[in-house]
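Order of appearance sets the numbers: ligands from 1, and atoms from 1 within every ligand. Because the structure is a prediction, the values reported are computed rather than measured. Keep in mind that the numbers below use all heavy atoms, side chains included, and drop hydrogens, waters and symmetry copies.
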Amino acid sequence: MSDALNYLVKTRPEAMQAYFKFLKETGKSLDPKIRMLITVITKVATQTEKGFRQYLPRALDAGATPGEIMDAILHAFPALGLAKIVWAIDILLDMDIPEFRAENLGAEKRWHALGPAERIAKGQVTYCDSDGRSLFVYRDAAGIRVYDSRCPHQVTNIPHLALQGFRLTCPKHRWEFDARTGECIAKGDRPLKRFEDKLENGTLYARW
Ligand code: FES
C-alpha cells in the first residue's frame, strides 16, 4: 500500500474500511485474472506508476499472459487515449520484464538450459543466467528449486550481491526472501516466482 493510503487508513479508518469493503464486494464475482486486468487498466488511467509496476506481476501471477495484458490496455484505448498508453509502454520497457520483450511476446513456454547440474552445489544457492533471465537455484537432498531473480513486488532484477547466506534482499524496497524456499520473510507478502525444472542428460533446465 502507498504511504498516502497508509496515512488515510490511520487518520480516516472508518471511511477507508468502507472503501476497501466496497472494492472487495464489487470484485467478488470476477475471477482473479479479470480483476487484475481491470486494476492494471485503472493504474494506467490514473497514471499511478508505483501501482502499475506492482500490478503487472500480479496480473501475470493471476494467470494473465503478457499478450492479454497488452490487449487489455490497448482495448481500453477509448478511455485511456494514446498518451496514457505510451506512458504505460515506456514504463513497461523500463521494467524490461523478459515475458514482455518483443521476441517473447506470444511465445509458448519452453525449456531453457541452465548448465550442467554438477555445477549446482548441494546446500548452496547458485546464481545463473539463461536466455536473458537471471535465476537463483537452490539444491539440497530433496531436489532442486529454481527461482526468478525478479522481485514479486515491482519486478526489480535482484542482483547476486543481494544474497547473504540464504537471505536475499531486494535493493529497491527491502523485501527479504529465503532463497531456499522462495518465501518472503520480511517486509513483503509474496514469494519469489518458482519455475518448473528438470534434469536431462546431466543438464538442468527450467521452463518459462
Ligand atoms: S521491487 Fe519493491 S521490494 Fe523489490
Side-chain angles (χ1 to χ4, degrees), residues 1-10 16 20 23 32-33 35-66 68-70 72-73 84 87-101 104-105 114 124-138 145-196 206 208:
M1 212 155 47
S2 71
D3 290 346
L5 280 181
N6 276 328
Y7 174 80
L8 287 172
V9 167
K10 249 190 220 156
M16 294 308 288
F20 288 125
L23 288 182
K33 180 170 102 175
R35 217 165 44 229
M36 286 299 152
L37 287 174
I38 292 172
T39 304
V40 167
I41 291 169
T42 62
K43 300 302 171 192
V44 180
T46 53
Q47 292 188 295
T48 315
E49 180 170 345
K50 272 190 198 167
F52 182 64
R53 288 178 182 267
Q54 193 169 322
Y55 278 92
L56 272 181
R58 294 184 78 147
L60 291 171
D61 285 350
T65 64
E68 286 173 324
I69 295 171
M70 294 287 292
I73 294 172
K84 286 183 179 174
W87 171 87
I89 301 301
D90 277 340
I91 294 171
L92 213 149
L93 289 174
D94 179 63
M95 292 169 84
D96 188 29
I97 305 172
E99 291 92 329
F100 281 91
R101 290 181 192 144
N104 295 337
L105 212 59
L114 272 52
Q124 286 183 25
V125 179
T126 304
Y127 181 77
C128 55
D129 288 301
S130 175
D131 292 337
R133 191 188 279 279
S134 302
L135 307 133
F136 291 96
V137 183
Y138 178 67
R145 284 169 224 125
V146 180
Y147 299 107
D148 197 355
S149 67
R150 297 301 185 120
C151 180
H153 182 212
Q154 290 185 5
V155 207
T156 297
N157 197 7
I158 306 175
H160 190 193
L161 282 175
L163 184 67
Q164 289 196 319
F166 296 118
R167 184 176 284 254
L168 186 63
T169 306
C170 177
K172 197 157 181 194
H173 310 101
R174 316 296 300 170
W175 283 26
E176 292 183 7
F177 306 91
D178 184 328
R180 294 168 294 189
T181 62
E183 286 307 306
C184 187
I185 51 175
K187 250 198 130 182
D189 57 6
R190 276 176 300 125
L192 294 172
K193 183 193 274 187
R194 182 176 172 184
F195 294 118
E196 197 183 344
W208 62 80

Should the pair [X]-[Y] be classified as a salt bridge under the 4.0 Å nitrogen-to-oxygen rule?
| X | Y | value |
| --- | --- | --- |
| Arg167 | Asp178 | no |
| Glu49 | Lys43 | no |
| Asp131 | Arg101 | no |
| Glu99 | Arg150 | no |

Item to check | Metal check, atom 4 (Fe) of ligand 1 vs His153 N/O/S, cut-off below 2.8 Å | outcome: no
Show the atoms of ligand 1 that are less than 4.0 angstrom away from any heavy atom in [X].
| X | value |
| --- | --- |
| Trp175 | 3 (S) |
| Cys151 | 1 (S), 3 (S), 4 (Fe) |
| Gln154 | 1 (S) |
| Cys170 | 1 (S), 3 (S), 4 (Fe) |

Next on the checklist: Once you measure the plane-to-plane angle for His153 and Trp175, does it fall in the parallel (<30°), tilted (30-60°) or perpendicular (>60°) bin?
Outcome noted: parallel
Item to check | Within the 6.0 Å centroid threshold, strictly below: Phe177 and Tyr147 | outcome: no
Checklist entry - Nearest heavy atom to atom 1 (S) of ligand 1: which of Asn157, Ile158, Thr169, Thr156 does it belong to? => result Thr156
Item to check | His173, N/O/S atom nearest atom 2 (Fe) of ligand 1 | outcome: ND1
